[in-house]
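Here the structure comes first, spelled out in structure tokens, and everything after it is commentary.
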Amino acid sequence: MSSNSYQAGRHFLQIPGPTNVPDRILRAMDHPTIDHRGPAFAEIGKTCLDGMKTVFKTDSAVIIYPASGTGAWEAALVNLINAGERVLMVETGHFATLWKTMADRLGIETEFLETDWRRGVDPQAIEDRLRADSEGQIRAVCVVHNETSTGSTSRIGEVRAAIDAAGHGALLMVDTISSLASIDYQHDEWGVDVTVSGSQKGLMLPPGLSFNAISERAISESKSNGQQRSYWDWQEQLAANKGGAFPYTPATNLLYGLAEAIDMLHEEGLDNVFSRHDRHAEATRRAVQAWGLEVLCQEPRDYSSSLTAVMLPEGHDADAFRAKVLANFDMSLGNGLSRLAGRVFRIGHLGDFNDLMLTGTLSGVEMGLRVADIPHQSGGVQAAIQFLSESATAA
Ligand SMILES: *Cc1c(COP(=O)(O)O)cnc(C)c1O
């Protein structure tokens with residue numbers, strides 16, 4: 001650490017991932033690493049694999065990689081899509097663009113439906129494009145459920161309905177890295193073929209694990225399709241996973257943490273987890289509105305419950321503002337990515353998070369707006385407090 005003085009109290013990590021890791025998960029990981037080929041390991045392996053099915057809401061299969069989310073993106077593509085085959089993607093923001101760039105590098109033909117980075121996917125645009133693909137050249141539709149660069153969430157059930165309405169056989173692949181365990185997601189119900197996720201956002205773990213939830217169709221087609229692959233190959237994983245094992249060394253201690261995270265999510269109840277996130281997102285937007293600032297997402301149906309991206313008035317630098325918040329109040333806020341650099345800051349309100357952490361976060365933002373001399377009205381924190389107290393439901 002290069003900081004030259006002790007910072008009292010807890011750092012506020014309010015970027016939209018990695019998120020705050022709860023003490024229960026830290027304690028759960030604080031154990032000796034065991035033999036991943038010994039008898040004790042199979043139980044933890046099984047617990048995690050089965051538990052993640054309940055989080056993805058699938059009866060099919062889940063694969064766990066010792067990798068960041070980007071690795072699970074690659075796994076989804078190389079197990080199903082050959083070089084030269086075509087996929088349809090939607091430019092919802094920076095993360096959708098990175099996934100497209102990866103597909104381009106793998107030699108996949110990509111088609112990118114544009115947006116203005118201020119909303120989620122338009123299911124009608126997908127339906128229209130698929131209807132025009134009478135020769136069935138589009139092998140998969142790939143979308144980001146929660147676009148972390150903009151704070152816009154796409155309606156995946158409607159994307160599935162659009163593919164069906166077009167009578168098209170494309171596979172559906174969805175990135176849920178910043179939505180899983182924060183925003184409702186239903187792999188089976190929505191007919192998703194591959195769901196990609198990661199450990200360090202809604203799942204409340206440190207970075208280092210990522211996931212593919214895969215449909216029966218995806219498993220079956222991957223046997224004869226996809227690119228040359230080794231590390232990411234599903235078949236070897238599925239074979240080893242039957243006995244709770246992995247084909248190469250798993251991230252054992254992160255799996256201890258994952259088992260604890262799954263328990264915590266079910267103790268709270270997934271529906272309660274989702275409504276907690278919805279409520280914190282609403283309180284945050286009320287604060288932004290009271291400050292007289294603008295939420296980046298312009299489509300209310302697509303507002304994200306994981307994070308809120310806030311635009312600063314023209315001529316004010318969001319990174320200079322974030323630096324002041326960090327220096328004065330020891331809070332990290334998310335930066336604007338690529339074309340949004342310097343224009344927006346992002347408030348993460350996902351993971352292990354409660355009302356007082358949110359009001360502390362919003363206080364830090366409001367004080368930061370003053371310190372950085374950014375034109376705004378006061379009263380944002382007050383608006384959030386009013387909403388949170390009016391919507392407090394405990395007896
Ligand atoms: C964080 C994030 C990623 C990147 O995941 P890494 O773990 O950094 O590889 C991809 N997509 C979305 C939507 C994300 O939020």
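For ligands, and for the atoms within them, numbers begin at 1 and follow the listed sequence. By convention here, the first residue in the shown sequence is residue 1.
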Note: ligand 1 atoms sitting under 4.0 Å from heavy atoms of S68 are 6 (P), 7 (O), 9 (O)
Quick check, are the ring centers of H280 and F353 under 6.0 angstrom apart? yes
of all protein heavy atoms, closest to atom 8 (O) of ligand 1 is Q200 NE2, 4.0 Å
Quick note on ligand 1: atoms under 4.0 Å from a heavy atom of T148 include exactly 12 (C), 13 (C), 14 (C), 15 (O)
Output field: ring centroids F321/F345 closer than 6.0 Å | yes
(message) Does either side chain, that of H349 or that of T361, offer a donor lying less than 3.5 Å from an acceptor on the other one?
(response) no
(request) Say whether, by atom type as modelled, one donor and one acceptor occur between the side chain of N79 and the main chain of W234 under 3.5 angstrom. (result) yes
Parallel, tilted or perpendicular, judged at 30° and 60°: which one describes the rings of Y185 and W190? perpendicular
Of N146, D175, V196, the residue with the heavy atom nearest atom 12 (C) of ligand 1 is D175
For K201, the ligand 1 atoms with a heavy-atom partner under 4.0 Å come out as 1 (C), 2 (C), 3 (C), 14 (C), 15 (O)
Below 30° counts as parallel, above 60° as perpendicular, anything between as tilted: where do the rings of F41 and H36 land?
perpendicular
Note: W73, heavy atoms under 4.0 Å from ligand 1, region reported as side chain
In this structure, atom 4 (C) of ligand 1 is nearest to the protein heavy atom F95 CE2, 3.9 Å
Side chain of S306, backbone of S178: donor and acceptor closer than 3.5 Å?
-> yes
Any heavy atom of E147 under 4.0 Å from ligand 1? The part involved is neither
A student checking ligand 1 against V144 at a 4.0 Å heavy-atom cut-off should list atoms 13 (C)
